[in-house]
J.: 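The structure's right below; bear with me while I get my questions together.
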There are 2 protein chains.
Amino acid sequence: MDTTQRTEQQRSAEQRRRELLEAADRVVLRDGPGASMNAIAAEAGITKPILYRHFGDKGGLYAALAKRHTDALLDSLRAALDAPAERRERVEATLDTYLAAIELRPQVYRFLMHPAEGSSAGEPGFDVGRHSAPLLRRLGEELAKVIADRVDLGPESQQLARVWGHGIVGMMHAAGDWWLGERPCSRSELVRSLADLLWGRLAAVADRVGGPGF
Amino acid sequence: MDTTQRTEQQRSAEQRRRELLEAADRVVLRDGPGASMNAIAAEAGITKPILYRHFGDKGGLYAALAKRHTDALLDSLRAALDAPAERRERVEATLDTYLAAIELRPQVYRFLMHPAEGSSAGEPGFDVGRHSAPLLRRLGEELAKVIADRVDLGPESQQLARVWGHGIVGMMHAAGDWWLGERPCSRSELVRSLADLLWGRLAAVADRVGGPGF
DNA sequence: GACTCGAGTTACCGTAAGTAACACATGTTG
DNA sequence: CAACATGTGTTACTTACGGTAACTCGAGTC
């Protein structure tokens, strides 16, 4: 076993893994999240046990698949988040980037977030619960880091930044999910509305009946 | 078939259904969300087909179970939301009510939100995707109604209220989920931090480096 | 006493996750 | 060159679950 050979073997293994992941991606996007391991193996031109050798179990495959997309999304978001612009602009750009991503590839999004919906019947499907959370958690922690880095929150800033990070990510996620389903307005309107919310407009506007005291 | 008899039969049917639901509740809380229909039937002292006669399929049972808890939670939240107090107080009370609920019964919460996590292995589990969303959607719509009712948002108020409703619910949900897992601070601190976020403190605080213009 | 009817059971099907055991090539070593 | 180790692939199986069909039993009704 000289070094070159092992290296070549390893490279080929990783390449194979990538091929398998791409095949899985195709199947998942076509058949929805209920795609069976058999179907994925067939798409890859191989059979089940190989998938299990590479990914352990279905959760492993899912995790690997999710990581690809999550990493890509995080890269886009970081770019918007770290841009040299005013805070409001950065916030709007980040929101818009996220929404554009889920708008462009709703199937990927639904796979990451609601992996059980694709199938027509109550088929088992991936057990998303353990995997969709990590995506949101990663987003939240990432945002928290940026907030803590960029904004002066005084003492307890770490904690406050994390609360805000997770809260803002959750807001973006829930609003995006609802918007993607109903499309009640344009993307830019949604972005503006959410930014307005973050900018405290809820606290500023007047009550509908009676004075602001009621 | 006189009336009294039919009534009695119906009552008994509904009573049975309630018993089954309570059995299902016990099992789900004990075995986690991966509880099988067999296990639930066994806990109820009967066998599978009866469950299917009552609830159609697993999704039906889940939906019925979720509705019970969701309705209860919504009632609590409505009380906090409709209280005659200042807006900030109402917001804080609502956040606190939600967080108190998920803190008091985390198992119920995890079942409603992350139904696939309970099992040790990658067991099929309930397909939450189609059912956890409705809970958040209902919360979001409910909140939107209150906002549109209580606050004067000018034209487009309906739409803005819905965006905000879903956004705020998502913020509450994500932050609560993270908090429940890590418990990084007390409940009241979390409430205050989130309310601060909604009150526009993110827009108000200064940048950490350089002037506010950067 | 025959008859309906609803509650319940057993026994089964289909499907999908996951595994064990076998087959084949290929390069390595005595 | 024969024996062998290794990575790659297969077939065939087990297990578990959701869901259903067909039968049974008991209670009330004409």
Side-chain angles (χ1 to χ4, degrees), chain A residues 1-17 19-20 23-24 27-28 31-63 115-116 118-128 130, chain B residues 1-17 19-20 23-24 27-28 31-63 115-116 118-128 130:
Chain A
M1 299 189 193
D2 67 324
T3 314
T4 64
Q5 183 189 351
R6 170 181 278 168
T7 304
E8 218 178 64
Q9 277 178 202
Q10 279 185 345
R11 193 175 61 84
S12 131
E14 282 190 17
Q15 191 170 331
R16 198 93 187 84
R17 183 188 170 94
E19 289 172 18
L20 298 185
V27 174
V28 157
D31 293 2
S36 77
M37 294 296 267
N38 259 327
I40 293 175
E43 169 74 26
I46 52 160
T47 48
K48 257 196 304 178
I50 304 190
L51 284 183
Y52 284 94
R53 280 223 263 275
H54 273 270
F55 301 105
D57 63 352
K58 196 169 188 173
L61 201 169
Y62 177 95
S119 319
S120 55
E123 292 160 28
F126 288 110
D127 46 343
V128 59
R130 219 164 336 176
Chain B
M1 302 188 185
D2 67 324
T3 314
T4 65
Q5 184 190 353
R6 168 181 279 166
T7 303
E8 218 178 66
Q9 276 179 202
Q10 278 186 346
R11 191 177 61 85
S12 131
E14 281 190 18
Q15 190 171 333
R16 198 91 188 87
R17 183 187 169 94
E19 288 171 18
L20 297 185
V27 174
V28 156
D31 294 1
S36 77
M37 293 297 268
N38 260 325
I40 294 175
E43 168 74 24
I46 52 158
T47 47
K48 262 196 302 180
I50 304 189
L51 284 182
Y52 284 94
R53 277 223 263 275
H54 274 270
F55 301 104
D57 62 355
K58 197 170 188 172
L61 201 169
Y62 178 95
S119 319
S120 56
E123 292 160 29
F126 287 110
D127 46 343
V128 59
R130 219 165 335 176

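Quantities reported herein were computed from a predicted structural model and do not represent experimental measurements. Residue numbering restarts at 1 for every chain, and letters A, B, ... go by the order of the sequence lines.
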J.: Quick one: side chain to side chain contact (heavy atoms under 4.5 Å, CB included) partners of B:Ala39, sequence neighbours excluded?
T.: B:Val27, B:Asp31, B:Ser36
J.: Answer yes or no: is there an ion pair linking A:Arg17 with A:Glu14, defined by an N-O contact shorter than 4.0 Å?
T.: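 Between A:Glu14 and A:Arg17 there is no salt bridge, as every charged N stays at least 4.0 Å from the carboxylate O atoms.
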J.: Rounding to a whole Å, what distance do you find between B:Phe55:CZ and D:dT20:C1'?
T.: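 Checked: the CZ to C1' distance equals 18 Å.
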J.: In whole angstrom, give the distance that lies between atom CG of A:Asn38 and atom C1' of D:dC13.
T.: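 After rounding, the reported distance stands at 13 Å.
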J.: Would you kindly give the OH-to-P distance between B:Tyr62 and D:dG19, to the nearest whole Å?
T.: 15 Å
J.: Can you tell me how far P of C:dG14 sits from CG of B:Asp57, to the nearest Å?
T.: 20 Å
J.: Separation of A:Leu61 atom CG from C:dA16 atom C1', in whole Å?
T.: 15 Å
J.: What integer distance in Å separates A:Gln15:CD from D:dT8:P?
T.: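 Spelled out: CD on A:Gln15 to P on D:dT8 is 12 Å.
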J.: Roughly, in whole Å, what's the span from NE2 in B:His54 to C1' in D:dG19?
T.: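 Rounded to whole Å, this separation is 17 Å.
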J.: Nearest to the side chain of B:Lys58 - D:dC17, C:dG18, C:dG8?
T.: D:dC17
J.: When you measure from every atom of DNA chain C, which of residues 43-53 of chain A have a heavy atom less than 4.0 Å away?
T.: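 When residues 43-53 of chain A is checked for heavy atoms under 4.0 Å from DNA chain C, the hits, listed by number, are A:Lys48, A:Pro49, A:Tyr52.
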J.: Rounded to whole Å, how long is the line connecting atom CZ of A:Arg17 with atom P of D:dT8?
T.: 13 Å
J.: Please list every donor-acceptor pair under 3.5 Å in which a side-chain atom of residues 45-56 of chain A meets a protein atom from a residue at least two apart or in another chain.
T.:
none

J.: How large an angle, rounded to 10°, do the end axes of the helix from C:dG1-D:dC30 to C:dG30-D:dC1 enclose when each is built from five base pairs?
T.: 40°
